[in-house]
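Encoded as structure tokens, the structure appears first; notes follow it.
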Amino acid sequence: MNVMDWIQMEAKWRRRWDEMRQFESNPDGRKKFFVTVAYPYPNSPQHIGHGRTYTLADVHARFMRMRGYNVLFPMGFHYTGTPILGMARRVQENDKGIIDAFRTIYKVPDKAIREFAEPVKIADYFHREIKSGMIEMGYSIDWRREFTTIDPFYNKFIEWQFRKLREGGLVVQGTHPVGWCPKDQNPVSQHDTLGDVEPSFTEYVVIKFRLGDRILPTATLRPETIFGVTNIWINPAVTYEVVRVDGEEWIVSPQCATKLAFLNKKVERTGKITGLELVGKTVHIPQRHGEIPILPADFVSSDNGTGVVMSVPAHAPFDYQALEDLKKDGISYPGLPPLSEVRPIPIIETAGYGEIPARDVIARLGIENQRSPKLEEATKELYSKEFYGGRLKQNTDRFAGRSVAEAKEEVKKWILDSGDADILYELNENPVRCRCGTECVVKLLDNQWFLDYSNPQWKKNVHSWINEMKILPEEIRNEFDHVVDWLKERACARQHGLGTNLPWDKNWIIESLSDSVIYMAYYTISKFANSGDITASSITDSFFDYIFLEKGDAQTVSSESKIPPEILDLMKKEFQYYYPVNARHSGRDLVPNHLTFFIFNHVAIFPKKYWPEGIVVNGSVLMDGKKMSKSMGNIIPLRDAIRSHGADPIRLAILISAELLQDADFNQEAVHGIRTKLESMMEESSRFKSEKVGSLEQEDRWIVSRLQQLIDRVTNSIQKMRLREALHHLLYEFDSDIQWYLRRSEAKGRHDHAGVLREVLSTRVSMLSPFAPYVSEEMWSRLGNPGLASQSAWPLPDTVKIDHLSIQSEALLRSALDDIRNIVKVTKISPKNITIYTAASWKAKAYQKILSRVLEGDINIGGMIKALIADRETEEIKKDPDFVKKMVNDILSEPEQERKSKASIGPVDETKILCELASLASAEYEVGIQIFSESDKDKYDPKNKARTARPYKPAILIE
RNA sequence: GCGGGAGUUGCCAAGCCUGGUCAAAGGCGCAGGGCUUAGGACCCUGUCUUUUAGGAGUUCGUGGGUUCAAAUCCCACCUCCCGCACCA
């Protein structure tokens, strides 16, 4: 079957589903199940990786639908955010890079690209693209409820959400640092910078050393090392500026003066002073009340921090080395104190390092002077080791004995509170340039709005709800709790981007991770907006209060919102029917943010009965074992993949390669293998047309029994969302059962087994339907079933159909056959005669007695022998007491289930069962098979083998 | 450091939750055979050691423990990978 046929086959069934509108869900008398997935951000086509979460959710939805639930699986599109804006701006500027990317990687037609100067056009284009892909993948989505986050009605909804949060005191205001272009007067994100640099920054603590009336500020990442400061470093070659900062007179590098201006400080340049002039003077250390000298060092850069550095030679490799260099150089500066007096002050104790850790690292790395590039590495190593493993020594005031990690924040707060410190932000990559060419800075934004995720009561409620939620896989629950603990205030609005304006301050736009946390509720009413029942402009908060919180009365709300009361009532009922969300599916990268916010916001806004019931988290998708990324060029757009493989093979390839939390590895071979497998299953389906099922023979009862076990296993696996496991059972493990069944019935020369097989295969196809919906429909119909596989009821295991006798019989046949094959292999003889001896009946009785004892937990062999000898039926045991031990071992080496199964059927007539061997073995060996019981008087037994026969382990003679 | 995940027979990778049918699925590689003008593709057989009777021995990161029985449960240790934010 070629790909075109596949695609047409899939299209055929898609049309059928469409005609039947079977994925459109409306409230009815059934129990509901509400599945949602994080909606996509349409700034590029979706690739295989995106497909994973959606496919998992779709399988979940289809499974629950077949289980009889009224399943709602909707989809929306998240237009909110800044990246699309950046892309649009680049198109406006005719940026070749992005236009080429659209053209060659995303295959966007030129005509469309020309419109991309307008951000919404980009979103609309990829929205359509992604939606088509979802439809082609066979996702069972109710598209009547689709929306985007810039729809006016949605904006109203988000405004309502934010007013609710604010009423609850959960929205607070504060300052917030951002990357900023001074020319554009705008925050910059990655997409706004030359070379797509993320404008990330680090917070430094500025410690103010006093030089007479002036202040010499130093920026540090390690405020706790203030206790180990021995001197100040200054670059003698730099001309510093004297600046009035909020009433104080600071000496800083010119670059620093510029930076300070963006950090909410009044900055006024009043003079200049060279580094050289400062060398040799002394400054006062805050908190420690001592005087230390200013020394020269050329590693000090005016670009970094304040251009002034506090020196902690015991713990900072740069400082240690600069001090050594200075001692070696012997260059004299006027007023310089004797350098021998400047000694490192160790303040941190860390396992694996001596008294002066900086010296140790420098020696180990063979660093010779302060221009050595290895100093960076040394600094990094020591910083991290001391941060995580270091402890402050006795000379650190009240912080003595604390770990560095703990003390860092406390020392920072301590100095800040005393007024001897300040905060400075420094871009990590210097310089970062805006697309306009201007060098970016860090700006402290005033009046930034935050969601106060640090609110203790809120946290407490979320914790207790997480405890009650159904979270899959279970391992991830801890992670949620942990995230809730460390979450603090989060900026929830920004100054540009698509989205909803903050209702009480229209200069701000609500940020994307904050306007996407309760939208699942919106799906229950978006249908009405889409069908024209609602005019967004007349919607007020009272409308949402009425629908979601049962506040107010229909008449008032109706007159305000201009929505007829009966429609209002329908909407409210719809919400109350579908809410809460039963399963929220998402990638694991969203655990620390979106998924946790999702719980937080539901807890804050809705009554408890509407809090989300479950979350399902999945890992990502690798491409041939490697992470997918644009730069690696190994991203496969989903629609391309569908065109070259068909949707079902892709669905299965993604699902089968890993369990939930693991990373799934997608590769061509896997998809190819699966397609071959599905094709052979389809062919198989055509072979077994419906046929009347006569009376069941043993192997029929066996395959039907196995089918019941399969149903049980697959159902259990899916309920735990262990879809890989379910598919393994369904696709591969059950195959060997079918092979055996065919072999058996063919060996017997049967022609009436198609009917049984058709029923078995139909049940299997039914179970395959959530995973591979298209081929399942095809197979379902080829097998001659009416209706659709996707509308068949999920099979229930019928324990009555489990026939232990046939299970054990078939197992006996198989193991006897294996034994024969084994013997032939080891002895390398070509068999002419095969003789089988089954155990004497007293052995079978003894076996059952031993079995029941073992099942009771008694494995005392001596006791068993006594009891068996005492019994007339089994007294023959005394001839071979060792036999008991062998049987106990046989029994013990089997799982509990098998033991019970054997006990339930009692002694079996092995001779009768093994008769079937003749037909089975003849295909392989062309020899006659004779079967005797050990107790037959006139048996053929030249080698005296018969006596070794045990129950379920016949003796075999091959000649 | 905190949180999470992993270490299986030449490689990739199942099995572990729920102990026994586990010398341990499947794929790749390798060896032999078939098919073929040849190659490729495909099919069959083998692939820890040992064994001319279905067996025995030694294996699942390391070391202990529990158990009649441990890849699987418990404890300790070693190694590797991922996340730690205001970004969708």
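Residue numbering restarts at 1 for every chain, and letters A, B, ... go by the order of the sequence lines. Note that this is a predicted model, so its numbers are computed, not measured.
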Report task. Just call it for Glu479(A): base, sugar-phosphate, or nothing, with non-hydrogen atoms closer than 4.0 Å on any strand. Result -> sugar-phosphate
Report summary line: His176(A) NE2 to A85(B) P, in whole Å, measures 13 Å
Report summary line: By the Watson-Crick or G-U definition, both distances under 3.5 Å, C2(B) is matched with G83(B)
Report task. To the nearest Å, give me how far apart CG (Asn43(A)) and P (C87(B)) are. Result -> 15 Å
**Report entry** C1' atoms of C87(B) and G61(B), separation to the nearest Å
**Finding:** 38 Å
Report summary line: Taking A88(B), A85(B), G4(B) as options, the one with an atom nearest any side-chain atom of Lys488(A) is A85(B)
Requested in this report: For nucleotides U59(B) and U72(B), find the distance between their C1' atoms and express it as a whole number of Å.
Outcome: 15 Å
**Report entry** Proximity to the side chain of His482(A) - top-ranked nucleotide from A25(B), G3(B), C87(B)
**Finding:** G3(B)
Query raised in the report: Okay, side chain of Tyr41(A), backbone of Ile84(A): is any donor-acceptor separation there less than 3.5 Å?
Result: yes
Requested in this report: Examine Arg584(A) relative to Phe598(A) and say whether NZ or CZ is less than 6.0 Å from the centre of the six-membered ring and inside a 45° cone about the ring axis.
Outcome: yes
Query raised in the report: Does Ala726(A) offer a backbone N or O that forms a donor-acceptor pair with the side chain of Arg713(A) under 3.5 Å?
Result: no
Query raised in the report: Taking the six-membered ring for Trp, are Trp702(A) and Trp740(A) parallel (under 30°), tilted (30 to 60°) or perpendicular (over 60°)?
Result: perpendicular
Report task. Report yes if the side chains of His50(A) and Ile130(A) come closer than 4.5 Å at any heavy-atom pair, otherwise no. Result -> no
Query - Between P of A88(B) and CZ of Phe126(A), the distance in whole Å - result: 17 Å
**Report entry** C1' gap between C78(B) and G64(B), integer Å
**Finding:** 15 Å
Report summary line: Out of G55(B), A88(B), A53(B), minimum distance to the side chain of Lys953(A) belongs to G55(B)
Query raised in the report: Is Ile958(A) touching bases, backbone alone, or none of the nucleic acid, heavy atoms closer than 4.0 Å?
Result: base
Query raised in the report: Closest nucleotide of RNA chain B for Pro895(A) versus for Glu489(A): which of these residues is on the 5' side?
Result: Pro895(A)
**Report entry** Nearest-Å distance once atom C1' is located in both A23(B) and U9(B)
**Finding:** 8 Å
**Report entry** Side chain of Thr948(A) (C-beta onward), nearest among G54(B), C87(B), A53(B)
**Finding:** G54(B)
Query - Side-chain donor or acceptor of Lys459(A) paired with backbone N/O of Leu487(A) under 3.5 Å - result: yes
Query raised in the report: What's the CZ-C1' distance between Arg713(A) and U21(B), to the nearest Å?
Result: 12 Å
**Report entry** Separation of C87(B) P from Met87(A) CE (nearest whole Å)
**Finding:** 18 Å
Query raised in the report: Is any side-chain nitrogen or oxygen of Thr82(A) closer than 4.0 Å to OP1 or OP2 of C87(B)?
Result: no
Query raised in the report: What's the verdict on ring-ring contact (aromatic ring centres under 6.0 Å, His included) for Phe126(A) and Tyr106(A), showing C-alpha distance, side-chain angles and the deciding distance?
Result: CA-CA 10 Å; Phe126(A) 289 115; Tyr106(A) 298 158; 5.8 Å; yes
Report task. Can you figure out which of A14(B), C87(B), G54(B) approaches the side chain of Arg724(A) most closely? Result -> A14(B)
Query raised in the report: What interatomic distance, in whole Å, is found between C1' of G40(B) and the corresponding atom of C48(B)?
Result: 33 Å
**Report entry** Base of G20(B) paired with side chain of Arg899(A) (donor-acceptor, under 3.5 Å)
**Finding:** yes
Report task. For G5(B) versus C17(B), give the span between their P atoms, rounded off to a whole number of Å. Result -> 16 Å
Report task. Measure the acute angle between the ring planes of Tyr453(A) and Phe597(A), then classify it against the limits of 30° and 60° as parallel, tilted or perpendicular. Result -> parallel
Report summary line: By nearest-nucleotide position on RNA chain B, the 5'-leaning member of Leu590(A) and Glu894(A) is Glu894(A)
**Report entry** Nearest-Å distance once atom C1' is located in both C60(B) and U8(B)
**Finding:** 4 Å
Query raised in the report: According to a strict under-4.0 Å criterion, is Arg494(A) in side-chain N/O contact with OP1 or OP2 of C87(B)?
Result: yes
Report summary line: When both distances are under 3.5 Å in a Watson-Crick or G-U wobble arrangement, the nucleotide paired with U59(B) is none
Requested in this report: Mind calculating the distance between CD (Gln719(A)) and P (U18(B)) to the nearest angstrom?
Outcome: 17 Å
Requested in this report: Name the closest nucleotide to the Leu892(A) side chain, picking from G54(B), C87(B), C68(B).
Outcome: C68(B)
Query raised in the report: Across the strands shown, which category fits Pro954(A) at heavy-atom distances under 4.0 angstrom: base, sugar-phosphate, nothing?
Result: base
Report summary line: Scanning all shown strands, the Watson-Crick or wobble mate of C28(B) with both distances under 3.5 Å is G10(B)
Report summary line: Whole-Å distance, Tyr41(A) OH to C87(B) P, equals 12 Å
Query - Paired nucleotide for G54(B) [Watson-Crick or G-U wobble; both distances under 3.5 Å] - result: none
Requested in this report: Have a look at Gln808(A) and say if it touches a base, only the backbone sugar-phosphate, or nothing, with a 4.0 Å heavy-atom cut-off.
Outcome: nothing
Report summary line: Of the candidates A88(B), C17(B), U21(B), the side chain of Arg722(A) sits closest to C17(B)
Query - A38(B) - base-pair partner by Watson-Crick or wobble geometry, distances under 3.5 Å - result: none
Query raised in the report: If you take atom types as modelled and just measure distance, does the side chain of Lys720(A) reach the base of U18(B) with a donor-acceptor pair under 3.5 Å?
Result: yes
Report summary line: Picking from G54(B), C87(B), C17(B), the nucleotide nearest the side-chain atoms of Glu725(A) would be C17(B)
Query raised in the report: In whole Å, what is the span from the CG atom of Asp589(A) to the P atom of C84(B)?
Result: 10 Å
**Report entry** Whole-angstrom distance between G29(B) and U79(B), as gauged at atom C1'
**Finding:** 27 Å
